[in-house]
Amino acid sequence: MTRQLHLGLFTYPGGHHIAGWRHPAVNPAETIGIDYYGRLARTAERGKFDLLFVGDMLAARERDGKVIREGGLNNIDSISICSAISAVTECLGMVATLSTTYNEPYFIAERFASLDHISRGRAGWNVVTTSNDDAAYNFSRKTHMEKTLRYERAKEFVDVCTALWDSWDDDALVADARSGVLADRDKIHPIDHRGRFFSVRGASQLPRPPQGWPVLVQAGGSPAGIEFAAMISEAIFAAQSKLDEARAFRAAVQERMPKYGRSPDSVKVLPGLSPILGSTEAEARRKDAELDELILPSVGVWMLSDLMRFRLYDYALDAALPVDDIRASGRAFTPRVVSLLDHAERVGLTVRDCATLVAKSRSHGTFVGTVEQLADHMQLWLESGACDGFNIMPAYFPDELDLFVDAAVPELQRRGLFRRDYAGTTLRDHLGLARPLPRR
Amino acid sequence: MSALHLTVSLAGSGYHPAAWRVSRLPIGPNAAAIQFAARAAESGKLDAMLLGLPVDASAGADKVNALPLDPLPLLGSLIGVTRRIGIAAAWTVDYTEPFHVARVFASLDHLSYGRTAWIADMFGAEALAPRIGRPPQTGDMAEYCERAGEFIDVVKKLWDSWEDAALALDKASGTFVEPDRVHPIHHEGGHEGGHEGGFFTVRGPLNVPRPPQGNPLVILHDPTNPDARPFAAATADVILTSCDSLPRARERYCELQALASPRPLRVLANIGVTLGDTEAAAQRRAAELDAMAPPPAGLRFVGTPEQLVELLGLWQREGACDGLNVLPAVLDDIEPFIEQAIPLAQRGGLFRSDYTGASLREHFGLTRPASRYEGAA
């Protein structure tokens with residue numbers, strides 16, 4: 001059988017386009033309750049998506065000490081959203097984002113084990129180390145932990161969590177009412193972890209999760225992130241918006257996997273993709289332009305400054321992006337920024353152009369066109385080895401998601417590129433990932 | 001006479017350690033049994049359901065008799081299967097950060113349109129220490145309460161950090177948020193590993209708009225150590241007491257209300273409940289359970305639904321509490337409790353026949369607080 005796409009739905013209040021909430025079809029007051037998230041989740045399930053994905057931030061988004069005026073940037077907790085939608089869906093997977101820098105592994109292991117039990121095997125954990133320096137000030141720290149150290153901590157953190165998930169044998173739950181044995185103590189193995197960051201003694205209080213481990217997801221594209229992904233990730237939320245970059249990224253992860261004893265096909269790479277669809281290409285372009293007109297330059301420039309870690313507020317909007325000044329600032333750039341700077345230089349983008357580009361998709365991939373053109377695009381990426389699927393980031397909710405599910409999904413199914421129905425019940429089933437054996 | 005408040009604690013197969021051996025509901029760490037009970041509790045118009053046991057140092061020492069799901073995802077999963085009833089979940093103040101607690105409960109309160117409460121678990125640090133790998137952060141009771149008080153204060157400040165009017169959502173001007181109505185809290189108590197007159201340093205603001213209830217309710221267990229009682233009464237919206245008789249409960253009720261005054265406080269008395277069609281059947285059931293495992297400590301009712309309603313009425317008339325928190329010995333007993341006892345209580349005018357408000361605060365008759373930063377520069 002031909003390789004098929006895996007699809008995630010990346011939720012966000014209002015939409016992924018920074019001005020999506022201003023679209024006439026969006027009611028921004030209704031983007032925060034269970035009715036909103038439940039509707040998005042059920043729509044994704046109707047479209048046979050693999051999973052719903054929720055990000056995480058541990059500090060308010062600010063510009064010069066004030067929260068951002070222009071954007072729908074309220075950021076509610078991802079585990080809360082995922083657990084709420086678990087009760088209103090049957091098959092859809094759900095990936096919550098949680099930081100290893102500002103949490104304790106024991107609590108997080110139990111939380112994800114619980115989500116996996118509650119959802120009957122549909123949970124995934126997007127492991128992040130938190131890149132936002134401001135988070136430190138909300139957690140009684142004087143400084144944010146340095147990146148290398150954060151990844152060291154993340155590795156040990158995940159190690160402790162998987163050990164706790166493995167602390168019960170799969171058959172430890174007996175529940176024999178007659179003898180009164182709920183669990184066989186001989187099949188529960190307390191861990192005694194002593195590492196650089198954590199000391200954890202004891203067993204989980206819960207049986208091994210239905211999936212063995214919740215699916216481990218990762219999203220960083222830096223060298224440290226790639227190494228970490230090769231070591232632990234089973235799915236990657238990637239940010240490359242160009243086909244050759246995406247292919248190189250996927251290859252970079254896959255070629256590092258054997259040294260960790262992992263097969264390259266045991267990871268699924270899902271770049272973000274924000275599609276704007278029309279019944280004709282002209283209609284799609286008109287929709288795209290209408291949305292872009294809703295972007296206030298101030299928010300675009302802020303997002304660009306934030307991404308580049310370089311203040312662009314004093315530069316003229318219609319002057320060329322000061323690529324040399326930005327490069328000379330000597331910040332540690334993510335691959336996303338390097339790619340954007342190269343592109344801006346090559347094409348000759350202005351500050352406003354770049355700001356719009358970043359604001360409309362948070363610098364992930366965008367696509368404007370018809371359903372057929374989108375399917376061509378997705379097919380090309382899949383068949384070129386640039387991805388295993390996409391994390392779909394609708395510009396605004398719920399209309400653009402409805403359109404994707406009602407028009408694009410059937411086209412992908414018709415081409416044999418996407419499932420017509422779920423074949424299994426767990427997120428691992430959907431993604432074609434093996435259930436991990438206990439590591440003892 | 002003020003309205004009676006009723007809540008129910010939902011855990012696994014029930015509160016008796018042998019509950020799983022007699023329950024007819026699904027056994028195991030799944031949400032199915034709890035979701036069933038939640039729907040029942042809502043049909044009985046209860047104020048709230050409570051999730052999460054206090055940390056028990058002895059739990060799991062020699063025998064596994066419960067499979068405790070993390071109360072937070074469990075709370076989340078109940079939002080989607082209920083519409084009106086309040087939902088409270090326990091989260092310890094030990095080894096955790098006020099920013100996380102504030103953010104998660106603000107999120108759950110938004111998702112549920114204002115139905116959540118935080119049961120701030122205290123005094124569990126010793127039991128958690130081996131799993132966290134660090135000794136408890138505080139020494140004596142006074143210092144412990146000081147830290148817990150600061151923790152809860154920071155959580156409430158964060159809930160207040162967005163004024164109600166901060167969310168402008170004005171499409172025409174493109175103003176999603178009024179930045180001047182979102183306030184950093186600049187709480188400066190101390191840093192990790194350092195004690196500077198306090199324990200936490202949190203800049204804020206929260207990255208979630210003000211919760212629908214303003215502040216989700218804060219529920220505390222009545223401390224066993226009387227030295228901690230003034231702290232509890234000064235801090236909580238709801239206190240759960242565990243007294244073994246009506247006179248003691250009344251005494252504790254008066255003490256707590258006096259300590260809290262003039263703050264509004266609701267005091268609920270915990271009561272373990274085993275029901276049967278006849279008193280003899282209920283007694284047989286309790287004896288059967290006790291023969292399998294010793295019952296949990298605390299006040300215990302064994303009898304018919306009619307007798308339970310009599311007890312509820314008596315406790316209310318005698319001023320022993322503002323309401324009761326029912327802990328079903330076996331979760332299955334939620335059914336006779338809701339289907340038989342509650343209608344009797346409703347017919348007698350003892351308990352509400354329907355919800356009148358939308359939020360948990362309204363169920364408890366507690367007003368919504370204004371943000372402390374309202375109008376601040």
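Below, chain A is the first sequence line, B the second, and so on; all start at residue 1.
Top candidate by heavy-atom pairs under 4.5 Å with chain A, chosen from B:I79, B:L72, B:D109, is B:L72. Listed options A:D184, A:D176, A:I295 were ranked by heavy-atom pairs under 4.5 angstrom with chain B; first place goes to A:D176. Considering only heavy-atom pairs separated by less than 4.5 Å from chain B, the leading option among A:M57, A:R69, A:H117, A:E104 is A:R69. Per-residue heavy-atom pair counts under 4.5 Å with chain A were compared for B:I34, B:L75, B:T175, B:D180, and the maximum is reached by B:T175. Of the listed residues A:N103, A:I85, A:L296, A:V88, the one with more heavy-atom pairs under 4.5 angstrom with chain B than any other is A:N103. Interface remark: of the candidates A:A183, A:A203, A:A175, A:A175 forms the most heavy-atom pairs closer than 4.5 Å to chain B. Most heavy-atom pairs under 4.5 Å with chain A, from the set B:S107, B:G133, B:A32: that is B:S107. With chain B as partner, the option from A:N138, A:L173, A:L294 having the largest number of non-hydrogen pairs under 4.5 angstrom is A:N138. Of the listed residues B:V104, B:L74, B:I132, B:V182, the one with more heavy-atom pairs under 4.5 angstrom with chain A than any other is B:I132.
Counting only heavy atoms from C-beta outward, the side chains of B:W162 and B:V208 never approach each other to under 4.5 Å. With a 4.5 Å cut-off on side-chain heavy atoms, B:Q213 and B:W159 do not count as touching. No side-chain heavy atom of B:V22 sits under 4.5 Å from any side-chain heavy atom of B:H16.
Between B:W118 and B:F151, the ring planes are tilted. Angles from 30° to 60° get that label. Taking the six-membered ring for Trp and thresholds of 30 and 60 degrees, A:Y102 and A:H144 have nearly parallel ring planes, at less than 30 degrees apart. Using the six-membered ring where Trp is involved, A:H23 and A:Y396 have ring planes that are parallel, under 30° apart on the 30 and 60° scheme.
Taking the six-membered ring for Trp, A:F157 and A:F197 have ring centres at least 6.0 Å apart.
In this structure, the portion of A:V181 lying under 4.5 Å from any heavy atom of chain B is its backbone and not its side chain. With a 4.5 angstrom heavy-atom cutoff, A:I188 touches chain B only via side-chain atoms. Within the 4.5 angstrom heavy-atom criterion, atoms from both the backbone and the side chain of A:V67 approach chain B. The contact between B:L169 and chain A is made by backbone and side chain atoms together, counting heavy-atom distances below 4.5 Å. With a 4.5 Å cut-off on non-hydrogen atoms, A:T89 does not touch chain B at all. Residue A:P24 touches chain B through its backbone alone, counting heavy-atom pairs closer than 4.5 Å. Interface remark: A:D116 contributes no atoms to any contact with chain B (heavy atom separation under 4.5 Å). Heavy atoms closer than 4.5 Å to chain A are found nowhere in B:A129, neither backbone nor side chain. Heavy atoms of A:F107 lying under 4.5 Å from chain B belong to its backbone as well as its side chain. Looking at A:L58, both its backbone and its side chain come within 4.5 Å of chain B, counting heavy atoms on both sides. In this structure, the portion of B:R83 lying under 4.5 Å from any heavy atom of chain A is its side chain and not its backbone. Heavy atoms closer than 4.5 Å to chain B are found in both the backbone and the side chain of A:A29. B:F200 touches chain A through backbone and side chain together, each having a heavy atom under 4.5 Å away. Neither the backbone nor the side chain of B:S161 comes within less than 4.5 Å of any heavy atom in chain A. For A:R178, the part lying near chain B is the backbone, with the side chain staying farther off; criterion is any non-hydrogen pair under 4.5 Å.
Both tests pass for A:R111 against the ring of B:W91: distance under 6.0 Å to the centre and angle within 45° of the axis.
By the 4.0 Å N-to-carboxylate-O rule, A:R194 lies close enough to A:D192 to be salt-bridged with it. Between A:D169 and A:R208, none of the side-chain N atoms (NZ, or NE/NH1/NH2) sits under 4.0 Å from a carboxylate O, so this pair counts as no salt bridge. A salt bridge links A:E62 with B:R203: the distance from a Lys NZ or Arg NE/NH1/NH2 to an Asp or Glu carboxylate oxygen falls below 4.0 Å. Salt-bridge formation is not detected for the pair A:E30/A:R39: no Lys NZ or Arg NE/NH1/NH2 atom is positioned less than 4.0 Å from an Asp or Glu carboxylate oxygen.
Side-chain contact of B:N207 with B:R103: a donor-acceptor pair under 3.5 Å is present, judged by distance alone.
Note: A:F198 CZ to B:R134 CZ = 9.0 Å, rounded to the nearest 0.5 Å.
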